[in-house]
Amino acid sequence: MEDLDETRIKVSKNTPETIKEELGQYLTPCAIADFMASLFSEDKLSNCDILDPGAGMGVLTKALSSRVLENNNFIKSITAVELDNGILPFLEDVLNELNCEDSKILKADFLETALNWIQFDFEKSFSHIIMNPPYKKINSNSAQRNLLHQAGIETVNLYSGFVALGIMLLREHGELVAIIPRSFCNGPYYRPFRNIILNKTQITQIHLFGSRKNNFSDDNVLQENVIIKLIKESPSIHEVKISFSTDGTFDDYYEYSCLSDEIVENDDKELFIRIPEHIRHNSISQNFNVNSSLQSLHLSVSTGPVVDFRVKPFLSSMPQEDTVPLIYPFHMEMTKCIWPQEHSRKANSIRSNENTIKMLYPSGYYCAVKRFSSKEEKHRISACVISPDDFHSPKFFGFENHLNIFHNEKQGLDKDVAFGLMVFLNSDMVDRYFRTFNGHTQVNATDLK
């Protein structure tokens, strides 16, 4: 598949960024396609009805079909759905080469096509679905969101919409393999999508990549991706294979197994998908001493309420008589708050008046966590104590929206609790645990809870 990979790189480089962005298009490297095809169960590679939604140049279709044919098995049908006119000739060449009698290319939007199948073609189903779905956020009032809503799917990104529709079109005991961003594993916006996965399928393998950059390097993709294999079977406790490689060469591939109730804990209402690494099993989840909820400790965590552009008239670059400290992430240096910062382009203070008072917290000890960590930082969670001792008798604090704040019913914490919480959150143990379900650099209040 070397020639196809070279063509893929040329096509990707020659496709305008505006088109890529509009379609959420990232073409799959051949080595990754071959690996994805290898995950399908060998004993099910006969009489295959294959679907490749958002098929691109047909790299995934070719990888899976080649594996089926190499084992002297029969392909009943191939359905490739693709919207991009510029890429269709390459897809046609791939399907012609495979010489499957019942192969078809649908130049169409997969969301519309899948919805039509689900609503009007009740017999339509597939035994094998392989996909690299588009990665693009969808607005709440968009046509795409409406189409998914009609199918009973609530989600915020095209990739999760594609996978959810794929699950609906997968026949009983059928298999689906997809390479998708890891962002679905946590957070409230993807909870309905996680619910679909966990209620309608079994996760049987998750592959992790150590590098964010190398898998789609010619497309400048920095999102952390995983490859996931799903089987259309009723939920039950089963074995899940976790595999790992630094990048798409798979040179340092290794794997291990765990049970599905380690992936999703039974009492987790948020249905976070945790991906434990076997060398890290001595984490919080297995430490019986760490068993308190925030509620039992009389603690809360909230996103900072001050959105600076909405209160611009009340901001001040430096402290004045009628202002109180406004804390941004840049004020947090290591574990200490350095305030004010004279040469900052952002404000250091906010006026305390009837327009802002509801956004302010009374003076006290608080533990603040940055909502976004840089890729260079050792830990995803970066916590700092905001201590009144570091200021000149402030009456209130303003916390900017890029911070998460631990508090006690919007009051300060006990001093020892605030510092203890900071030490705990900055620990290696918490970082290891956090990374089992958070694959990106954003730290949400829901994650911290």
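- Contacts of Phe391 classified as ring-ring contact (aromatic ring centres under 6.0 Å, His included), with partners at least two apart in sequence or in another chain: Trp339, Phe397.
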Result block: side-chain N/O donor-acceptor pairs under 3.5 angstrom for residues 409-418, not counting sequence neighbours:
unit_1	atom_1	unit_2	atom_2	d
Lys410	NZ	Lys358	O	2.6
Asp414	OD2	Asp416	N	3.0
Asp414	OD2	Val417	N	3.3

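- Among residues two or more places apart in sequence or in another chain, the salt bridge (Lys or Arg N to Asp or Glu O under 4.0 Å) test is passed with Lys229 by Glu175.
- In this view, Gln341 and Phe330, His331, Glu333, Ile338, Ser344, Asn348 satisfy the side-chain contact (heavy atoms from CB on, under 4.5 Å) rule, not counting sequence neighbours.
- Among residues two or more places apart in sequence or in another chain, the salt bridge (Lys or Arg N to Asp or Glu O under 4.0 Å) test is passed with Lys107 by none.
- Residues satisfying the side-chain contact (heavy atoms from CB on, under 4.5 Å) test with Val226, not counting sequence neighbours, are Ile180, Arg182, Phe184, Ile206, Leu208.
- Remark: Lys137 engages no residue in a salt bridge (Lys or Arg N to Asp or Glu O under 4.0 Å) (not counting sequence neighbours).
- In this pair, Phe372 and His402 present their aromatic rings tilted. The plane angle is within the 30 to 60° band.
- Side-chain atoms of Gln202 do not come within 3.5 Å of backbone N or O of Thr204 as any donor-acceptor pair.
- Under the ring-ring contact (aromatic ring centres under 6.0 Å, His included) criterion, Phe126 pairs with Trp117, sequence neighbours left out.
- Annotation: Tyr366 is in aromatic contact with Phe399 [ring centroid separation under 6.0 Å].
- In this view, Asp428 and Lys378 satisfy the salt bridge (Lys or Arg N to Asp or Glu O under 4.0 Å) rule, not counting sequence neighbours.
- For the side-chain contact (heavy atoms from CB on, under 4.5 Å) test, residues two or more places apart in sequence or in another chain that qualify with Asn116 are Phe120.
- Side-chain atoms of Asp308 never come within 3.5 Å of backbone atoms of Val311 as a donor-acceptor pair (strictly under, hydrogens ignored).
- By the side-chain contact (heavy atoms from CB on, under 4.5 Å) test, Ser142 is found to be paired with Ile138, Asn139, Gln144, Arg145, residues two or more places apart in sequence or in another chain being considered.
- Between His207 and Phe244, the ring centre distance reaches or exceeds 6.0 Å.
- Among the candidates Leu326, Ile327, Leu403, the single residue satisfying the side chain to side chain contact (heavy atoms under 4.5 Å, CB included) test with Val306 is Leu326.
- Note on residues 322-332: pairs passing salt bridge (Lys or Arg N to Asp or Glu O under 4.0 Å), not counting sequence neighbours, are Asp322-Arg351.
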